[in-house]
Amino acid sequence: MLTIHICEASPETAVVVDGARLAAVGPYEALAADHPRARVRRWPGILTPGLLNPYGPELLEQAYHPDPREADRLGTEPIFGERALALLGAHASARGASARRGVQRMLAHGTVAVAGELRGRAALDAVRGAGLAVGARPATLPGPASFSPVPLVLLPALAAGKPARFAVFDVPDRAALVRDGASTCVATVVGGRLVYRGR
């Protein structure tokens, strides 16, 4: 079934998703007229090609992402440094579980691609399992590893025939996205599937 995704603040950039690919990109009115039987998903904010997070190794191999059941003891934010390495080495499944939770947090921040050389099987499996694209890392990294890096790295423009990979942010325009950051994400689509939906 075809699905049209339309955002309140960017009706000129709607998309038609057909399976794992974009069937069309353009103004909502034209897409709705061309595909009258398509299901329509309406979102607040703007539709973007999604973000590339350049901190793949730092966030998925060098950080520990606490399980919600550990929140009372470890908190909810990623843990770095020697403490992270100790937690990652605590038991055989720790690396895989942490990497999967890290990928989920990336998706919640509109990340559809990751960069940096991932060496561990746990991180590679988590990235592949989520369908994240792997991109080139910028020559210089501006600061500490973050789910909302500064500056944000948007992927190239959406186009018909390309993979259905994009993110929606609840902001009025791209300037607000840059100012307010990736935590404003309300939906992430990878491979045509809604992999994150904000509450």
Side-chain angles (χ1 to χ4, degrees), residues 5 15 17 20-22 45-68 76-81 84-85 87-89 93-159 162-171 174 177-178 180-198:
H5 291 263
V15 296
V17 175
R21 303 228 93 24
L22 294 175
I46 62 171
L47 191 144
T48 74
L51 303 175
L52 172 114
N53 190 307
Y55 296 104
E58 292 82 358
L59 291 172
L60 300 178
E61 294 181 325
Q62 298 166 21
Y64 180 78
H65 301 276
D67 185 288
T76 59
E77 293 302 309
I79 298 168
F80 294 92
L85 295 176
L87 290 164
L88 290 168
S93 62
R95 285 189 182 278
S98 175
R100 287 188 297 278
R101 289 189 296 269
V103 165
Q104 287 301 313
R105 292 194 70 180
M106 285 182 164
L107 294 171
H109 285 80
T111 297
V112 298
V114 65
E117 185 180 354
L118 297 172
R119 296 180 180 170
R121 181 180 178 135
L124 287 167
D125 287 349
V127 166
R128 287 183 192 128
L132 292 174
V134 177
R137 192 169 192 166
T140 59
L141 297 175
S146 171
F147 291 109
S148 185
V150 178
L152 295 175
V153 181
L154 279 169
L155 292 180
L158 300 168
K162 297 285 185 181
R165 185 182 296 133
F166 55 90
V168 176
F169 297 91
D170 191 5
V171 292
R174 285 192 180 194
L177 172 57
V178 170
D180 298 341
S183 64
T184 58
C185 181
V186 294
T188 304
V189 172
V190 175
R193 296 177 299 119
L194 184 64
V195 293
Y196 170 75
R197 180 178 188 159

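Because only heavy atoms are used, hydrogens play no part in the values below, and waters and symmetry mates are left out as well, while side chains stay in. Start at 1 with the first residue, then count along the sequence.
- Under the 4.5 Å side-chain criterion, counting only non-hydrogen atoms from C-beta, V168 is not in contact with I46.
- Residues forming a ring-ring contact (aromatic ring centres under 6.0 Å, His included) with Y64 (at least two apart in sequence, or on another chain): none.
- Side-chain atoms of L154 and L51, non-hydrogen and from C-beta on, do get closer than 4.5 Å to each other.
- Taking both residues in full, the closest heavy atoms of L87 and A94 are given as O-CB, 3.5 Å, listed atom of the first, atom of the second, then distance.
- A heavy-atom distance below 4.5 Å is found between the side chains of H5 and L47.
- Summarising the geometry of L194 relative to A187, their closest heavy-atom pair is CD1-CB, 3.9 Å, with the distance given to 0.1 Å.
- A pairwise comparison of heavy atoms in P66 and I79 identifies CG-CD1, 4.1 Å as the closest pair.
- Between the T48 side chain and the A167 main chain, a donor and an acceptor come within less than 3.5 Å of each other.
- Looking at P57 and R137, their side chains come closer than 4.5 Å, going by heavy atoms from C-beta outward.
- Annotation: side chain of P49 is not in contact with side chain of F166 (no heavy-atom distance under 4.5 Å).
- Rounded to the nearest 0.5 angstrom, L177 CG and S148 OG are separated by 8.0 Å.
- Judged by distance alone, the side chain of E61 and the main-chain N or O of A123 form no donor-acceptor pair under 3.5 Å.
- Judged by distance alone, with hydrogens and angles left aside, the side-chain atoms of T188 form a donor-acceptor pair with the main-chain N or O of L107 at under 3.5 Å.
- Of the inter-residue distances, the one linking R165 atom CZ with R21 atom CZ reads 8.5 Å to the nearest 0.5 angstrom.
- The structure places CZ of R105 at 9.0 Å from CG of L59, a figure rounded to the nearest 0.5 Å.
- Taking every heavy atom of both residues into account, V190 and A130 meet most closely at CG1-O, 3.5 Å.
- Judged purely by atom type and a 3.5 angstrom limit, Y55 uses its side chain to pair as donor or acceptor with the backbone of G143.
- Between the OG1 atom of T111 and the CG atom of L152 there is a distance of 9.0 Å, given to the nearest 0.5 Å.
- Among all heavy-atom pairs drawn from L141 and P54, the shortest one is CD2-CB, 3.6 Å.
- Between the S98 side chain and the H65 main chain, a donor and an acceptor come within less than 3.5 Å of each other.
- Here the CZ-OG1 distance, from R101 to T76, works out to 12.0 Å after rounding to the nearest 0.5 Å.
- For the atom pair Y196 OH and M106 CE, the distance stands at 15.0 Å (nearest 0.5 Å).
- Scanning both residues, A182 and F169, for their nearest heavy atoms gives O-CE2, 3.7 Å.
- Checked by atom type and distance alone, the side chain of N53 pairs as donor or acceptor with a backbone atom of S146 at under 3.5 Å.
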